[in-house]
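Inspection log for the structure reproduced underneath, given as structure tokens.
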Amino acid sequence: MKTKIYIVTTLVLFVTLITGCDDFNDLNVDPTTSTTANPKSLISKVQTSYSGDRETQWRSLAAYHMSIMQMVSDGWTISHGQAYKLDVSYMEFMWKSSYREINDLILAIQEAEKTPEYVNYAAVGRILKVMIFAQLTDTYGDLPYFESGAQGGEDNLHPAYDKQEDIYNDFFIELKEAAAQLDSSLALEGDLIYNGDVDKWRKFANSLRLRYAMRLINVDPAKAQSESVAAINAGVMQSVEDAAAVDHGNYNVSTSGAPEIRGNGFSQVQNFSEEIMVSCETYIAYLRDNNDPRLMMMFGMYAAYEEDAISRYNSKSSTETSVEITEEYFAKYGGIEGYAPGYFLWEAPEGAPADIWSPRYVQKNGRTVQINKFFKSLQVRRHLTRIDMPSIYQSYSEVELWLAEAAQRGWSTSGGDAKTHYKNAVFANIDELVYILEAEPNLNLNADVYAENLWNNTPDKLEAINMQHYVNNFYNGIEGFANWRRSGFPKLKPTTDNAYTDQALNGLIPRRFPYPNTEMNFNRENLEEHLDNGVNFWGAPVWWDGSLTRGVEI
């Protein structure tokens, strides 16, 4: 994958010649740029920018998707979701950036369809468009789909909203047709995901089709089954090498705040000097209590030497001034954990130890390391916060979990029982951490024993499967949020007593993002019938969810 980075380094300069829109209402024409779209460069740009935009990764993935799912905790802006603090201005970022990406893809598809030799660019554009639209509708619900962006005409500033059911039905059509459209005899240049391998793109299209088919299990189980079986029979991912991953370059956001899309956006958030991110105890507890070999591959204890600990920035795992002290901390204090869910780092959780506000100390390399209050929880390991870390849009391990569920439900014709696919998923996720994300291997790893024991000791096999989705989706929190609502796992205890908690949720957990104020103010006529009894309420379920309490520990 490293060979792809050289393409990324020049991508931004090239893309500025062809596209540059700042708002959903003016996505169609930018008078300062060329009016001719280049399918190759647009698709390359979207492949990296979708996960390379720090602002969106910050205000959607980290601040809400991951923190609602009790994967991460923070002092403030990364974890609004852990306390269910309603901030619509944050939630607008995903809407606007996703429609920018979608518009670029629509332009690429429209231009590619004019030239028969560009059929692969049209097909890849359709696959990516479905993926981005799916995460958008899973997050917000009904939205403009058939009239969105360039496909609605340049004068359509108030596009109609479409029902999520209709949007999903079109996903299956688009993915089936795009997979059939791909032609191995034709070129696919500038592809940052599969380096032009058309067969892998076909597997990706079918694997996404399987993902979205499984989403319908609670609202249309017959269609969930038929689409799942069709996707499996068409051919889904078969190895870690099939994972849809894009490499990033070592490009961080500048101090001036200038746009930067080439680096890993989630890593950019963790490296940003003002932000402190630690793990949440809900996520850590599942790994720790089951002796999961991935715990120490993904997380560690970090702090600064005593003389450097005057700055909180120096103790972040992403900084070279921090020191990894996992073994020393465990030996002295007898445990490692994440931060309590529902609290910001500057608050004292219920049942907190007496010394919560006081530093703790360990010895490392003959020097004293000072662990201040914010850093008594596990952090993401330094190597997994690097700016050039790849982003995985869909993993092979995820596909094996879908195959496990299909087998458990008695649907699958792919070969292998549910337990076999489950264990394959665990092995694959460990390999993805090492060979794609470049985590340090766990030398004490016995993955087969771990997977065997966890499967045998979990009576509800759908729980066993979907808790592995929870583990897998740490770097894809948008999918984690979606699958929690679909499956009901993990069972999350709601935040109810934080001073910032939106009391309109009535003791429950948010189930979608509210629509942006721009839509409420300028497209209200089309939006109105898609609101929850006229209210832009983030506690209302989306169509395929249909529940207020699935996954909630009452």
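Just so you know, these numbers come straight off a predicted model, no measurement behind them.
A donor-acceptor contact shorter than 3.5 Å links the side chain of N271 to the backbone of T385.
Side chains of T137 and Y168 form a contact here, defined as non-hydrogen atoms less than 4.5 Å apart.
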Problem - Verdict with reasoning, F474 to F299, per ring-ring contact (aromatic ring centres under 6.0 Å, His included) - result: CA-CA 12 Å; F474 183 82; F299 301 98; 5.3 Å; yes

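Remark: the N218 side chain and the D545 side chain contain no N/O donor-acceptor pair separated by less than 3.5 Å. With hydrogens and angles left out, the side-chain atoms of R294 and N442 include no donor and acceptor closer than 3.5 Å.
When the shell of 6.0 Å around CZ of F330 is examined, it contains 12 or fewer heavy atoms from other residues, nucleotides or ligands. For R312, the CZ atom is loosely surrounded, since the number of other residues' heavy atoms within 6.0 Å does not exceed 12. Annotation: D289, atom CG; neighbour count of heavy atoms from other residues, nucleotides and ligands within 6.0 Å is above 12.
Within the 6.0 Å centre-distance limit, the rings of F133 and Y145 are counted as a close aromatic pair. Ring pair W402/H469: centre-to-centre distance below 6.0 Å. Taking the six-membered ring for Trp, W58 and F93 have ring centres at least 6.0 Å apart.
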For residues 475-482, which side-chain donor-acceptor pairs fall under 3.5 Å, sequence neighbours excluded?
unit_1	atom_1	unit_2	atom_2	d
N476	ND2	Y393	O	3.4
E479	OE1	R215	NH2	2.8
E479	OE2	Q135	NE2	2.9
E479	OE2	R211	NH1	3.3

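One distance of note links CG of D242 with OG of S395; it measures 11.5 Å at 0.5 Å rounding.
Among pairs with a residue in residues 444-461, those fulfilling salt bridge (charged side-chain N to carboxylate O under 4.0 Å, His left out) read K419-E452, K423-D448, K423-E452, at least two apart in sequence or across chains.
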